[in-house]
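Please read the structure below before turning to the comments.
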Number of protein chains: 2
Amino acid sequence: MDTNYKNHLGRIIKQQRISLPLTLQELAAKSNVSASHLGRIERGERFPSAHILQRIAKPLGFEEDELFTLAGYLSPQSPMVSEQSPAYSGDRLDPYVARILAQEPLEIQRAVIGILAILQSIAKSKS
Amino acid sequence: MDTNYKNHLGRIIKQQRISLPLTLQELAAKSNVSASHLGRIERGERFPSAHILQRIAKPLGFEEDELFTLAGYLSPQSPMVSEQSPAYSGDRLDPYVARILAQEPLEIQRAVIGILAILQSIAKSKS
DNA sequence: ATTATATTTCGCCAATTGGCATATGTCAAT
DNA sequence: ATTGACATATGCCAATTGGCGAAATATAAT
C-alpha cells in the first residue's frame, strides 16, 4: 500500500522511471544502484543517500540539484521558475510538476486545469 | 586509513570553522550536530551525510550547494543561477496552465500530477 | 606547579544504508 | 495448465552514520 504521505520522493522517482520508460533493472544498470535498493526507495522503505541520488539523477533525466531539492537535501532556493513570464512572480510552480506537464500535449494540459477547476467547485460547495 | 585522501572536505570545514572563529561545540550548537561527530568529520573519520551538510552549511557561511559540491555530492557545473532549466527545452508548458497551477499550493500541484498519472494508466489499460 | 576550565578525541552502541541471493509475482507463448 | 522469461519484493548481513558520555589534551588563572 502506498503507505505514508511522507514518501513524495519515491513516487516522483517511480513515476519518472515509468515515464521514460525504464524497469528497475535497467535503471539499476544505468545508475550502478542495485534494483532491490531502488525498489525499496520507490516504495519508501529506504531513504537514498546523496551518493545514490547523484547516481540516479541523470539516468532519470533529472538535474542533480533538482533531485536533491526534491529529496529535501537542498533548500528550494532556486529562482529557476521566475523566468520570462512575470505572471509567475508571486506563486511558484514546482519544477517537477512543470516538467511532467510539459510532456503532455496542450489539450491534456488544459484538460488537467479543467479537472482542477471542477474539483475546486465541488470542494467549495461542501463548505 | 586514508588520512589525507578524500579528507579535502574535512580540512575545508575545519579551516572555515577556525576562521570564523567557532569551536566545535559552538558549531554543534548552531547546527544541531554533535561536536564529536563534527570533529570526526573534520579529521576524516566520518563522512557527512546530506542532512549533516545541510545543517552545517549556513552556520559555516557556505551556500548549501557549495558545500555539496565540495563534498562531491554535486557535480561542479552549477547552472542553477543561470536561467531556465534545460529540462523544459524539448516540450513546452502552456503559460496559462503554468500560471493557474502556480497559484495552487505545492501539494495540490503534485496531486494534479498524480491524478493525471491515474487517468493515463486507465487509458492505457483500455488500448 | 596546580588547580580549574574549556576544547577535542575516543569508546561504545542504536539505527540506517545498500548489496547479494532468493522468493514472489506477472505475463506471454506453447 | 505449464513452462520460461522477466520484473519486483524480501531476508539477511556487512559497513557506516551519528549521538552520548567519558577520557584526554589544551588553555588560563591563581
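Residue numbers begin at 1 in each chain, while the letters A, B, ... track the order of the sequences. What's counted below: heavy atoms across the whole structure, side chains too, no hydrogens, waters or symmetry copies.
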Inset, instruction - Measure the CD-OG distance between B/E26 and B/S31 for me, rounded to the nearest 0.5 Å. - result: 11.5 Å
Inset, instruction - Working to the nearest 0.5 Å, report the span between CD of B/E42 and CZ of B/R11. - result: 12.0 Å
Inset, instruction - Determine the interplanar angle of the A/F68 and B/F68 rings, folded into 0 to 90°, and report it as parallel if under 30°, tilted if 30 to 60°, perpendicular if over 60°. - result: perpendicular
Inset, instruction - Please work out whether the ring planes of B/F47 and A/H51 are parallel, tilted or perpendicular, with thresholds of 30° and 60°. - result: parallel
Can you tell me the distance, in whole Å, between the [atom1] atom of [X] and the [atom2] atom of [N]?
X	N	atom1	atom2	value
B/E42	C/dT8	CD	C1'	10 Å
A/L38	D/dA9	CG	P	11 Å
B/I18	D/dT27	CD1	C1'	14 Å
A/Y73	D/dT17	OH	P	13 Å
B/I52	C/dT16	CD1	P	14 Å
A/F47	D/dT17	CZ	C1'	15 Å
B/I41	C/dT9	CD1	P	13 Å
B/R55	D/dT17	CZ	C1'	12 Å

Inset, instruction - May I ask you to verify if any side-chain N or O of A/R43 is less than 4.0 angstrom from the OP1 or OP2 atom of D/dT10? - result: yes
Inset, instruction - Check whether any side-chain nitrogen or oxygen of B/R46 sits under 4.0 Å from OP1 or OP2 of C/dT9, and answer yes or no. - result: no
Inset, instruction - Consider only side-chain heavy atoms of I, L, V, M, F, W and Y, link residues closer than 4.5 Å, and tell whether A/L20 and A/L24 are in one cluster. - result: yes
Legend entry - Of residues 19-29 of chain B, the positions that come close to DNA chain D - non-hydrogen atoms, cut-off under 4.0 Å: none
Legend entry - Donor-acceptor contact present, side-chain A/R40 to main-chain A/E45, <3.5 Å: no
Legend entry - Exam field: side chain B/E64 to backbone B/Q54, donor-acceptor pair closer than 3.5 Å: no
Legend entry - Any A/R17 side-chain heavy atom under 4.5 Å of A/L60 side chain: yes
At a cut-off of 3.5 Å, list every protein nitrogen or oxygen paired with a nitrogen or oxygen from nucleotides 20-25 of chain C, distance to 0.1 Å.
| residue | atom | partner | partner atom | Å |
| --- | --- | --- | --- | --- |
| C/dC20 | N4 | A/S36 | OG | 3.1 |

Inset, instruction - Give the nucleotide from the list C/dC12, C/dC10, C/dG18 with an atom nearest to the side chain of B/E45. - result: C/dC10
Legend entry - A/K30, NZ: over 12 other non-hydrogen atoms inside 6.0 angstrom: no
